[in-house]
Student: 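Right, I'll just put the structure down here and ask away after.
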Amino acid sequence: MILNGIIDRIVYKNPENGYTVLELETREGIETVVGIMPKIAEGEEIEVEGEYTTHNTFGKQFKVESFTSSLPVTETAMLRYLSSGIIKGVRESTAKNIIKKFGPESLDVIENHPERLTEIKGISPKKAQTISQSMQENLGIKTILLYFQQFGMTPTMAFKIYKKWGLGAYEEVKRNPYSLCDIQGIGFNRADAIAKRMEYSTESPYRIEAGIIYILTHNLNANGHTFQPREKLVEVSQLLLGTDEAIINEILDKLIKEGKIIYKEKIGNTNGIYLSWVYNCEKDVSERIVLASKFSRPYDGNAEEDIKKIQALKGIAFAERQKEAIYESLCHQIMVLTGGPGTGKTTTLNGIIANLEAKGITFALAAPTGRAAKRMTELTGKEAKTIHRLLEYGMGPGSAEPSFQKNRDNPLRQEVIIIDEASMVDLPLFDSLLKAIPLSSRLIMVGDANQLPPVGPGTMFKDIINSKLVTVVELNEIFRQSGESLIVTNAHKIIHGEFPICTETKNDFFFMRADNPRELTEKLVSLYTDRLPGAYDFDPLEDIQIICPTKKTETGTMALNGHLKEAANPKSFNKDELTFRDLTFRTGDKVMQIKNDYDIEVEKDNGDFDNGVFNGDIGIIERIDREDGYVTVRYDDKTVVYTMENLDEIEPAYAITVHKSQGSEFKAVILPLLEGADVLFTRNLLYTAVTRAKQLLIVLGSPYRLKQMVDNVSGDKRYCGLKHMMLQAVENE
């Protein structure tokens, strides 16, 4: 729908993202209009396109998808416009004097003849220039916003473009439309579509360069590949760009010569082309690991006596491999402790920590995600931080972008750094961590090598283990109490390629058959909202988690979140809702933070304020304010307020992907296995999902799919060069 009218009143305006709530005077009366409408003011005439929505508290509103505006034409409207404060140097009294002096020509005088403003008492030539320049900037911004909206850009995206290049945005994009790839959320495909509408040459070097960088970046972020073999990169570039192989190779050579990408001729049995910064990450990590692997030291003290004291203190008896880990942790600059569920990693880690404390050795505990760090704190009784928090990610003095404040120049001071859930650590984060650990300090990595690789690029944990350059202690004995759990027993069966036990009815691992999406969805909703809460007294929001192999299909997270939301938190007159992009958030919804945000303000239950909410944190929406456009979410002992600017950091979490569940444990897990691409149904994905459950696991779906996953060892194969770089560094010595 389209509305036309004059802005009567600005109710709310966010200058950072342009989100505005206003009252629009139309022929039919006053309408409340909400949306991204930067740089508008009272008195302007606007045309808005969008749709009506109903707010539970504020009633009918018109939600804007796009808009155009024009300057006021009547003296009354001009006065309101100039009095709004949108023009620097003009307030109500100055506005009245301008209108009184120049009448209907006022805005033309300000824009095109600013020297005439000096005819008004109190306006100097300098102030007149400031007023005129401010108005020209506002008109320029609106022109830019309107220009980009014609290419299908939302006002939000157009405003991001303006914020990057200012009034020079038009000229920059005209020169090279592929520079739009630098704007988060645009990407190559949208920039390419805009370039085609501008009749930009498809053979432009800018286009081919952007396409190559896009392929490398996409494979880095979406698939975890740190490099691409040259032949494969050329082949994919041809498909994407429709360009001859010779031209692509020519541009590749140019990018290599300029240092924007790096060509490595031999990586195992292939070659590789890297983004230059990714290559430097792998190179730096490999050199540091090789260097650390050369240093060992004798155990300080009597290991046997020390371990006896810890056993007496803890009231436990360590197995031989656990004793070995405690001993080796003090003898090497870098050590890996690995093992599956029920093998005693936590007990061993607590033994290592007790030994460090007894010897007065300082240490720090950290994990890749907020949930993993919280779990580490609960299991050890010691403070654990996210790696980002340990490295003090944030704005440094005089910096324009946030970065790690702990680095080579300002290293960590602890003598031992212990990282849990190390299989989740991606290459760039591990590189930053190593840079902050002084050569004199030791690193202990704890994790399960059979888990999925990190969401980010690389296979760092497996590469270090498989290089055989680092001391690795693998725990492989399942302890009696854990061995009584079918979750633990079946996890080990799965990783060894054996079909899990699914016939027992009095344990913690169950299989329920469902032959089609409708049957699966009905059973899953019943289990989540009724059967498990009734039988086990589980709270659906707090204790039960649906974990899926995929987002898409009728049994993926996107579809299941919709069904579970309506069953567990149905629409009600006393529940506010807020629609953001293609998601509707409702008071009482279960949501997940999907990226680390170290700047957002957090209010704790004790009244203190802090900063930071982390990828994987799960919370409940406590409040929604549609008028001001914000959502309040409770995470454990803290609350976080999201505005329209950062609302894309959360998503529904009744059902989450297996990748998003890494580093977390839940009392009860329901795992739907039915539809999806075969490539997703792998053994290590199944293993990771099963090991997320503490007390109860229900596999719901097809026995064929379960068997397929056990048999599929293809896993998440990635092009990564770390292991080869480490081995090559040793060979070259």
Student: Answer whether the closest heavy-atom distance between the side chains of Asn407 and Leu391 falls below 4.5 Å.
Tutor: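 Not in contact.
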
Student: Under a 4.5 Å cut-off applied to non-hydrogen side-chain atoms, are Leu560 and Tyr654 in contact?
Tutor: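 Sidechains of Tyr654 and Leu560: no contact.
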
Student: May I ask you to test the Ile247-Glu203 pair for a side-chain heavy-atom distance under 4.5 Å?
Tutor: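 In short, these two side chains touch, coming nearer than 4.5 Å.
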
Student: May I ask you to decide whether Glu209 forms a salt bridge with Lys260, counting only side-chain N to carboxylate O separations under 4.0 Å?
Tutor: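 Lys260 and Glu209: salt-bridged.
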
Student: Do Lys254 and Glu250 meet the salt-bridge criterion of a basic N to acidic O distance under 4.0 Å?
Tutor: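 Salt bridge flag = no for Lys254 with Glu250.
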
Student: Would you check, one step at a time, whether the test side chain to side chain contact (heavy atoms under 4.5 Å, CB included) holds for Thr579 with Lys63?
Tutor: CA-CA 10 Å; Thr579 299; Lys63 183 183 176 186; 3.6 Å; yes

Student: Please list, chain by chain and in numerical order, all residues satisfying ring-ring contact (aromatic ring centres under 6.0 Å, His included) with Tyr214, sequence neighbours excluded.
Tutor: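 Result, ring-ring contact (aromatic ring centres under 6.0 Å, His included) vs Tyr214: Phe188, His218.
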
Student: Does Thr553 offer a backbone N or O that forms a donor-acceptor pair with the side chain of Glu675 under 3.5 Å?
Tutor: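 Here the side-chain-to-backbone pair does not exist.
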
Student: Donor-acceptor check, side chain of Glu231 to backbone of Pro229, threshold 3.5 angstrom: yes or no?
Tutor: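 It does not hold such a pair.
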
Student: Do Ser432 side-chain atoms and Pro428 backbone N/O form a donor-acceptor pair below 3.5 Å?
Tutor: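 Side chain of Ser432 to backbone of Pro428: a pair is present.
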
Student: Taking C-beta and beyond as the side chain, do Val425 and Ile419 meet within less than 4.5 Å on heavy atoms?
Tutor: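 Counting from C-beta outward, Val425 and Ile419 do come under 4.5 Å.
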
Student: Just verifying a value: how many Å separate His724 NE2 and Ser286 OG, rounded to the nearest 0.5 Å?
Tutor: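 That separation rounds to 12.0 Å.
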
Student: With a 4.5 Å heavy-atom cut-off, do Tyr178 and Asp192 have their side chains touching?
Tutor: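 When only atoms from C-beta onward are counted, Asp192 and Tyr178 do touch, with a gap below 4.5 Å.
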
Student: Could you give the distance from NZ (Lys723) to NZ (Lys468), rounded to the nearest 0.5 Å?
Tutor: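 Output value for this atom pair is 7.5 Å.
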
Student: Looking at Asp463 and Met726, what are the two nearest heavy atoms and their distance?
Tutor: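 Residues Asp463 and Met726, closest heavy atoms: O-CE, 3.6 Å.
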
Student: Grab the two heavy atoms, one from Leu240 and one from Arg207, that are nearest each other, plus how far apart they are.
Tutor: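 Taking Leu240 first and Arg207 second, the nearest heavy atoms are O-NH2, 4.1 Å.
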
Student: Looking at every non-hydrogen atom in both residues, tell me the closest pair between Ala422 and Met445 and how far apart they are.
Tutor: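 That closest heavy-atom pairing would be CB-CB, 3.9 Å.
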
Student: Which pairs, with at least one residue in residues 234-266 and sequence neighbours excluded, count as a ring pair (Phe, Tyr, Trp, His ring centres under 6.0 Å)?
Tutor: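 Pairs touching residues 234-266 that pass the test: none.
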
Student: Which value, rounded to the nearest 0.5 Å, describes the distance between Ile208 atom CD1 and Ile213 atom CD1?
Tutor: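 Reported to 0.5 Å precision, the distance equals 12.5 Å.
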
Student: Measuring from atom CG of Asp244 to atom OG of Ser237, what distance do you get when rounded to the nearest 0.5 angstrom?
Tutor: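 Result: 13.0 Å between the selected atoms.
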
Student: With a 3.5 Å distance limit and no angle check, can you tell me whether Asp431 reaches the backbone of Leu427 through a side-chain donor-acceptor pair?
Tutor: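 No, because the side chain of Asp431 does not come within donor-acceptor range (under 3.5 Å) of the backbone of Leu427.
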
Student: Ignoring hydrogens, what is the shortest heavy-atom contact between Leu647 and Tyr642? Give both atom names and the distance.
Tutor: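 The answer is CD1-CB, 3.7 Å.
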
Student: Is the shortest heavy-atom distance from the side chain of Thr550 to the side chain of Thr557 under 4.5 Å?
Tutor: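 Not in contact.
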
Student: Are any side-chain N or O atoms of Thr682 and backbone N or O atoms of Val713, one a donor and one an acceptor, separated by less than 3.5 Å?
Tutor: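 No; judged by distance alone, with no hydrogens or angles, the pair does not exist.
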
Student: Verify side chain to side chain contact (heavy atoms under 4.5 Å, CB included) between Leu686 and Leu706, making sure each step is shown before the conclusion.
Tutor: CA-CA 8 Å; Leu686 175 62; Leu706 183 58; 3.8 Å; yes

Student: Can Ser661 and Arg692 be said to form a side-chain hydrogen bond (donor to acceptor under 3.5 Å, both in side chains), step by step?
Tutor: CA-CA 7 Å; Ser661 74; Arg692 299 309 90 204; 4.7 Å; no

Student: What is the distance from atom NZ of Lys266 to atom NZ of Lys264, rounded to the nearest 0.5 Å?
Tutor: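 One finds 11.0 Å between NZ of Lys266 and NZ of Lys264.
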
Student: Check for a donor-acceptor pair, side chain of Glu554 on one end and backbone N or O of Arg518 on the other, with a separation under 3.5 Å.
Tutor: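 No: the side chain of Glu554 does not pair with the backbone of Arg518.
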
Student: Would you call Ile656 and Ile546 a side-chain contact if the rule is heavy atoms closer than 4.5 Å?
Tutor: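 No, too far: nothing below the 4.5 Å cut-off.
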
Student: Check this for me: Lys565, atom NZ, are more than 12 non-hydrogen atoms of other residues, nucleotides or ligands nearer than 6.0 Å?
Tutor: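 Yes, because the 6.0 Å sphere around NZ of Lys565 holds more than 12 heavy atoms from other groups.
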
Student: Please determine whether a side-chain nitrogen of the Lys or Arg among Arg288 and Asp284 lies less than 4.0 Å from a carboxylate oxygen of the Asp or Glu.
Tutor: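 Looking at Arg288 and Asp284, the cut-off is not met.
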
Student: Rounded to the nearest 0.5 Å, what separates atom OG1 in Thr657 from atom CE in Met592?
Tutor: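 It comes to 7.5 Å.
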
Student: Ignoring hydrogens and angles, tell me if any N or O in the side chain of Asp617 forms a donor-acceptor pair with the backbone of Val613 under 3.5 Å.
Tutor: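 Pair absent, no side-chain N/O of Asp617 close to backbone of Val613.
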
Student: So Leu255 and Ile273, do their side chains get closer than 4.5 Å, heavy atoms only?
Tutor: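 No. Closest side-chain heavy atoms not under 4.5 Å.
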
Student: Can you list every ring pair (Phe, Tyr, Trp, His ring centres under 6.0 Å) pair that touches residues 226-262, not counting sequence neighbours?
Tutor: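 Residue pairs passing ring pair (Phe, Tyr, Trp, His ring centres under 6.0 Å), neighbours aside: Phe227-Tyr274, Phe227-Tyr719.
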
Student: If the threshold is 4.0 Å, N to carboxylate O, is there a salt bridge linking Asp678 and Arg705?
Tutor: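 Arg705 and Asp678: salt-bridged.
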
Student: Side chain of Asn271, backbone of Ile267: donor and acceptor closer than 3.5 Å?
Tutor: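 No; zero donor-acceptor contacts below 3.5 Å.
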
Student: Answer yes or no: is there an ion pair linking Lys232 with Glu235, defined by an N-O contact shorter than 4.0 Å?
Tutor: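 Here Lys232 does not pair with Glu235 in a salt bridge, since their nearest N and O are not under 4.0 Å apart.
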
Student: Could you tell me whether the side chain of Asp448 and the main chain of Asn450 form a donor-acceptor pair under 3.5 Å?
Tutor: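 It does hold such a pair.
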
Student: Answer yes when Asp711 and Arg683 have at least one side-chain N-carboxylate O distance shorter than 4.0 Å, and no when they do not.
Tutor: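 No.
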
Student: Can a side-chain donor-acceptor contact be found between Lys462 and Gln451 if the only test is distance below 3.5 angstrom?
Tutor: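 No pair is found: no donor N or O on one side chain lies under 3.5 Å from an acceptor on the other.
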
Student: Whether Asp182 and Lys164 form a salt bridge (side-chain N of Lys/Arg under 4.0 Å from carboxylate O of Asp/Glu) is what I want to check.
Tutor: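 Here Lys164 does not pair with Asp182 in a salt bridge, since their nearest N and O are not under 4.0 Å apart.
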
Student: Counting heavy atoms not belonging to Glu258, are there more than 12 under 6.0 Å from its CD?
Tutor: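 Enclosed.
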
Student: Please check: side-chain N/O of Asn223 versus main-chain N/O of His225, any donor-acceptor pairing under 3.5 Å?
Tutor: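 The answer is no, because no donor-acceptor pair under 3.5 Å joins these two groups.
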
Student: Other residues, nucleotides and ligands only: do more than 12 of their heavy atoms fall within 6.0 Å of NZ on Lys283?
Tutor: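 Not buried by this count: 12 neighbours or fewer within 6.0 Å.
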
Student: Assess whether a salt bridge exists between Arg230 and Asp253, defined as any Lys/Arg side-chain N lying under 4.0 Å from an Asp/Glu carboxylate O.
Tutor: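 Answer for the salt bridge query: yes.
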
Student: Please walk me through it: do Met1 and Phe62 pass side chain to side chain contact (heavy atoms under 4.5 Å, CB included)?
Tutor: CA-CA 9 Å; Met1 296 183 65; Phe62 191 85; 4.0 Å; yes

Student: So, for Ile248 and Thr243, which heavy atoms are closest and what is the spacing to 0.1 Å?
Tutor: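 Minimum heavy-atom contact is CD1-O, 3.8 Å.
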
Student: Closest heavy-atom contact between Ile387 and Leu433?
Tutor: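 Taking Ile387 first and Leu433 second, the nearest heavy atoms are CG2-CD1, 4.3 Å.
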
Student: For Tyr630 and Leu578, run side chain to side chain contact (heavy atoms under 4.5 Å, CB included): C-alpha distance rounded to whole Å, both residues' side-chain angles, the deciding distance at 0.1 Å, then the answer.
Tutor: CA-CA 8 Å; Tyr630 67 78; Leu578 179 66; over 6 Å; no

